[in-house]
Amino acid sequence: MKTDSEARSEWYPSPQRTFDGFNDGGLIGTSALADAAGSRRRSQAEKQPRRTLRVARRYAASPARVFDAWLDPAVARQWLFATDSHPLAYIEIDARVEGSFCFVDRQDAMDGTRYTGEYLEITPPQRLVFTLSVAKHVETRVTVVIAPLAKGCRLTLLHENVPRDHAGPMHGRWTGILFGLGAMLDSATPLFNDRE
């Protein structure tokens with residue numbers, strides 16, 4: 001698998017967006033103490049300077065196949081927010097503009113991370129824009145741009161409004177996620193409806 005990665009973080013002041021939290025549907029136990037601590041963390045995160053993360057990668061697969069991997073639940077379950085050691089416990093994708101998604105990475109019976117958001121733009125096979133909230137942190141925005149190459153395509157991901165102290169771990173997470181996408185594309189061709 002031929003890959004190309006690059007990264008850039010930039011600081012910029014961005015408008016403050018608040019996220020009022022979410023109903024965890026009983027998946028993750030909460031208490032009044034945990035809620036208060038979560039509110040303090042959200043409040044602190046909302047006051048931090050923001051960063052924009054950029055990660056780019058080349059894939060041998062067609063732009064259509066790479067684009068579909070983001071919206072097909074059976075395929076996304078294999079790589080998006082999942083790892084070999086922490087597979088997803090739950091996935092829901094409503095792949096339409098103003099549709100939502102929810103991924104739950106359950107590490108054990110009492111702990112899990114919830115990734116939620118709403119699709120803002122879906123332009124197959126070149127552009128996908130969505131909001132992203134991880135657990136109870138501030139809402140961010142992710143833009144995925146897929147450009148055709150002579151062989152395969154180049155995916156560029158921009159993640160905006162990332163609190164400064166989450167930028168390093170989030171950049172590493174996206175780098176790993178996009179690597180996982182490449183590994184899945186190389187090994188899971190039968191999961192796709194072939195449109196080439």
Side-chain angles (χ1 to χ4, degrees), residues 1-10 14 17 19 22 51-83 87-105 113-134 138-162 170-196:
M1 168 175 63
K2 183 178 179 180
T3 63
D4 174 29
S5 290
E6 58 186 73
R8 179 178 62 184
S9 292
E10 301 170 350
S14 59
R17 291 191 218 174
F19 181 65
F22 63 92
R51 294 193 181 234
T52 294
L53 308 178
R54 181 179 185 273
V55 181
R57 191 168 177 95
R58 291 182 186 184
Y59 298 103
S62 70
R65 193 168 274 180
V66 173
F67 185 88
D68 290 348
W70 288 85
L71 299 177
D72 181 331
V75 177
R77 163 181 297 283
Q78 304 296 314
W79 67 277
L80 189 54
F81 304 114
T83 66
L88 294 175
Y90 176 80
I91 180 173
E92 181 179 325
I93 295 176
D94 180 7
R96 61 184 176 83
V97 173
E98 297 183 3
S100 62
F101 62 85
C102 178
F103 298 85
V104 178
D105 165 11
T113 302
R114 189 177 176 115
Y115 304 88
T116 59
E118 178 180 308
Y119 296 107
L120 304 175
E121 181 182 338
I122 300 176
T123 308
Q126 68 259 10
R127 188 172 164 90
L128 180 65
V129 181
F130 55 91
T131 63
L132 175 63
S133 296
V134 180
V138 68
E139 184 177 279
T140 61
R141 178 183 167 115
V142 177
T143 301
V144 176
V145 177
I146 302 168
L149 299 172
K151 291 186 179 182
C153 63
R154 178 180 181 86
L155 182 149
T156 302
L157 181 142
L158 294 175
H159 191 171
E160 302 172 81
N161 201 36
V162 178
M170 187 57 73
H171 181 268
R173 185 80 165 117
W174 280 122
T175 300
I177 287 170
L178 295 184
F179 177 83
L181 170 58
M184 188 278 310
L185 288 167
D186 287 347
S187 67
T189 301
L191 287 174
F192 293 92
N193 294 322
D194 199 356
R195 299 195 306 182
E196 297 182 279

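Along the sequence shown, residues are numbered consecutively beginning with 1.
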With rounding to the nearest 0.5 angstrom, report the [atom1] to [atom2] distance, [X] to [Y].
X: R96; Y: I122; atom1: CZ; atom2: CD1; result: 9.0 Å
X: R141; Y: T131; atom1: CZ; atom2: OG1; result: 9.5 Å
X: R54; Y: T156; atom1: CZ; atom2: OG1; result: 5.0 Å
X: R77; Y: D72; atom1: CZ; atom2: CG; result: 11.0 Å

Would you say the side chain of [Y] lies within less than 4.5 Å of the side chain of [X], judging by non-hydrogen atoms?
X: L53; Y: L158; value: no
X: Y59; Y: I146; value: no
X: T175; Y: I177; value: no
X: L155; Y: V66; value: yes

Fit a plane to each ring of F101 and F130, take the angle between them on a 0 to 90° scale, and name the class: parallel (under 30°), tilted (30 to 60°) or perpendicular (over 60°).
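Rings of F101 and F130: perpendicular, over 60°.
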Using the six-membered ring wherever Trp is involved, compare the ring planes of W79 and W70 and label them parallel, tilted or perpendicular (cut-offs 30° and 60°).
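Perpendicular, since the angle between the ring planes exceeds 60°.
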What are the two closest heavy atoms between [X] and [Y], and how far apart are they?
X: F67; Y: R127; result: CE1-O, 3.4 Å
X: A82; Y: L88; result: CB-CG, 3.8 Å
X: S133; Y: E139; result: OG-CA, 3.5 Å
X: D105; Y: P87; result: OD1-O, 3.9 Å
X: L71; Y: I93; result: O-CG2, 3.5 Å
X: T116; Y: C102; result: CG2-SG, 4.0 Å

Any side-chain donor near an acceptor of the partner, Y119 and E121, under 3.5 Å
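There is no such pair between these side chains.
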Flag, side chain of R51 to backbone of H159, donor-acceptor distance under 3.5 Å
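Side chain of R51 to backbone of H159: no pair is present.
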